[in-house]
Amino acid sequence: MYQYQGFWYNCGILGVGPLAVQDHFKALPCDILIASIPKCGSTWLKSLAFSVMNRRSHPPTQHQQHPLLSFNSHDLVPGLETKLYNNNFNGNRIPNPDILPSPRLLGTHMPYTSLPQSVTLSGSRIVYICRNTKDNLVSWWHFLNKIRMNVSLEPMKLEEVFEMFCEGVSAFGPFWDHVLGYWKFSLERPQNVLFLKYDEMVTEPSLHLKRIAEFMGCPFSSMEEKEGVVDQIIKLCSFENLSNLAVNKIGTGDNDFPNSGFFRQGKVGDSANYLSPEMMEKLDCITKQKFHGSSLTL
Ligand code: PAP
């Protein structure tokens with residue numbers, strides 16, 4: 001891993017992706033970025049955002065023909081540094097993001113402070129998702145070991161990953177700095193950043209889906225709401241539905257990584273089954289200290 005502008009990146013997976021994004025990506029005013037630190041729910045949010053934006057051409061009721069049935073959401077909403085500008089990516093790389101249909105729906109894990117200036121200057125919109133620290137860590141640990149297994153490396157112990165995480169060393173970490181960067185920006189520019197919490201979305205999906213649609217500039221009409229389009233999208237993008245599709249059960253994505261790796265439990269609070277009370281307390285304590293005075297709670 002290498003540290004760049006205060007954040008940690010995996011050189012084996014990303015290569016010079018983040019630098020290439022800074023040098024070459026030119027944001028457009030109508031772009032919508034789905035941003036997060038890994039393992040906060042971007043697979044879900046990308047599915048929801050894609051379904052919302054394309055609901056006229058791909059109604060969520062026409063299940064058989066919906067793109068989400070054949071493609072993982074990371075292929076439908078490509079990541080800037082993980083796919084579009086990633087020199088280490090050996091799949092179906094899209095060489096020129098300008099060919100993507102407008103408005104472009106793009107993903108990123110890059111911290112707010114490292115995004116190219118054009119993102120802020122152009123006024124493009126960012127939908128950011130975060131999650132409680134403990135679930136994020138446990139989800140990251142599982143995912144990290146899946147990546148390691150994929151390249152025949154030994155799994156890492158939870159204790160080891162926990163210590164590194166607390167020191168800020170995780171993909172695109174420190175976790176807290178990443179979340180705070182977008183949080184502050186969302187307070188300064190609420191018209192440009194919608195700040196979401198996975199935990200709240202699990203509890204009230206329709207409320208948040210409506211917020212997402214409104215923010216993206218394609219609110220649900222009262223007719224659509226009456227016809228149940230909101231619920232149809234929620235059902236289409238549910239963990240149960242997506243994780244059981246063939247594309248996500250046996251399909252593979254970038255670098256032959258199995259799509260199933262993006263789906264594990266999809267629950268809030270699963271970390272309690274893995275972390276000791278001392279570990280939970282330490283994470284809570286760091287979160288409290290880091291977020292002190294920010295009005296943000298997770
Ligand atoms: P990424 O950063 O690699 O894209 P991301 O999708 O952000 O991963 O996070 C993965 C988490 O979202 C997993 O959580 P878990 O490990 O605690 O289970 C995954 O299960 C969960 N997830 C994936 N798809 C959905 C979905 N449709 N609904 C709810 N949670 C989901």
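Remember, it's 1-based here, ligands and their atoms both numbered in the order they're listed.
Within the 4.5 Å cutoff, the side chain of Leu106 has heavy atoms near those of the Phe25 side chain. Looking only at side-chain heavy atoms (C-beta outward), Val21 and Pro116 come within less than 4.5 Å of each other.
Looking at Ser47 against ligand 1, nothing comes within 4.0 Å, counting heavy atoms. Under 4.0 angstrom from ligand 1, there are no non-hydrogen atoms of Met201. Residue contacts with ligand 1, taken as heavy atom pairs separated by less than 4.0 Å, involve Cys237 solely via the backbone atoms N, CA, C and O. If you look at Tyr198 next to ligand 1, the close heavy atoms, those under 4.0 Å, all belong to the side chain.
For atom 12 (O) of ligand 1, the nearest protein heavy atom (residue, atom name, distance) is Gly41 CA, 4.0 Å. Here the protein heavy atom with the shortest distance to atom 19 (C) of ligand 1 is Phe262 O, 3.4 Å.
Hydrophobic clustering keeps Leu48 apart from Leu207 (ILVMFWY residues linked when any side-chain heavy atoms are closer than 4.5 Å, directly or through intermediates). If you chain together hydrophobic residues whose side chains sit under 4.5 Å apart, Val151 and Phe262 never meet in one group. By the criterion of side-chain heavy atoms lying less than 4.5 angstrom apart, applied directly or through intervening Ile, Leu, Val, Met, Phe, Trp or Tyr residues, Phe291 is grouped together with Ile129 in one hydrophobic cluster.
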Scan the side chains in residues 161-180 for donor-acceptor partners under 3.5 Å anywhere in the protein, sequence neighbours excluded, and list what turns up.
{"residue": "Trp176", "atom": "NE1", "partner": "Thr287", "partner atom": "OG1", "Å": "3.0"}
{"residue": "His178", "atom": "ND1", "partner": "Tyr128", "partner atom": "OH", "Å": "2.8"}
{"residue": "His178", "atom": "NE2", "partner": "His109", "partner atom": "O", "Å": "2.7"}

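No more than 12 heavy-atom neighbours from other residues, nucleotides or ligands sit within 6.0 angstrom of CD on Glu154.
Counting atoms of ligand 1 from 1 in the listed order, those under 4.0 Å from a heavy atom of Gln265 are 18 (O), 20 (O). Taking a cut-off of under 4.0 Å to the non-hydrogen atoms of Ser238, the atoms of ligand 1 that pass are 27 (N). Taking every heavy atom of Phe263 and a limit of under 4.0 angstrom, the matching atoms of ligand 1 come to 20 (O), 23 (C), 24 (N). Of all atoms in ligand 1, listed by their number and element, those nearer than 4.0 Å to a heavy atom of Pro38 are 2 (O).
The distance criterion of under 3.5 Å between nitrogen or oxygen atoms is met by His74 with respect to ligand 1. Geometrically, ligand 1 and Lys267 share no nitrogen or oxygen pair separated by less than 3.5 Å. Checked against a 3.5 angstrom limit, the closest N/O atoms of Gly266 and ligand 1 fall inside it.
Between atom 2 (O) of ligand 1 and the options Arg264, Lys39, Glu240, the minimum heavy-atom separation is to Lys39. The residue among Lys146, Arg131, His109 with a heavy atom at the shortest distance from atom 17 (O) of ligand 1 is Arg131.
A salt bridge between Asp135 and Lys267 is absent, with no side-chain N of the basic residue lying under 4.0 Å from a carboxylate O of the acidic one.
Residue contacts with ligand 1 include Cys40, since one or more of its heavy atoms lies under 4.0 Å from the ligand. Residue contacts with ligand 1 do not include His142, since none of its heavy atoms lies under 4.0 Å from the ligand.
When every heavy atom of Val77 is checked against every heavy atom of Lys46, the shortest pair comes out as O-NZ, 3.1 Å.
Note that CZ of Arg55 is 10.0 Å distant from CE of Met53, once rounded to the nearest 0.5 Å.
Under the 30°/60° scheme for interplanar angles, the aromatic rings of Phe50 and His58 are found to lie parallel.
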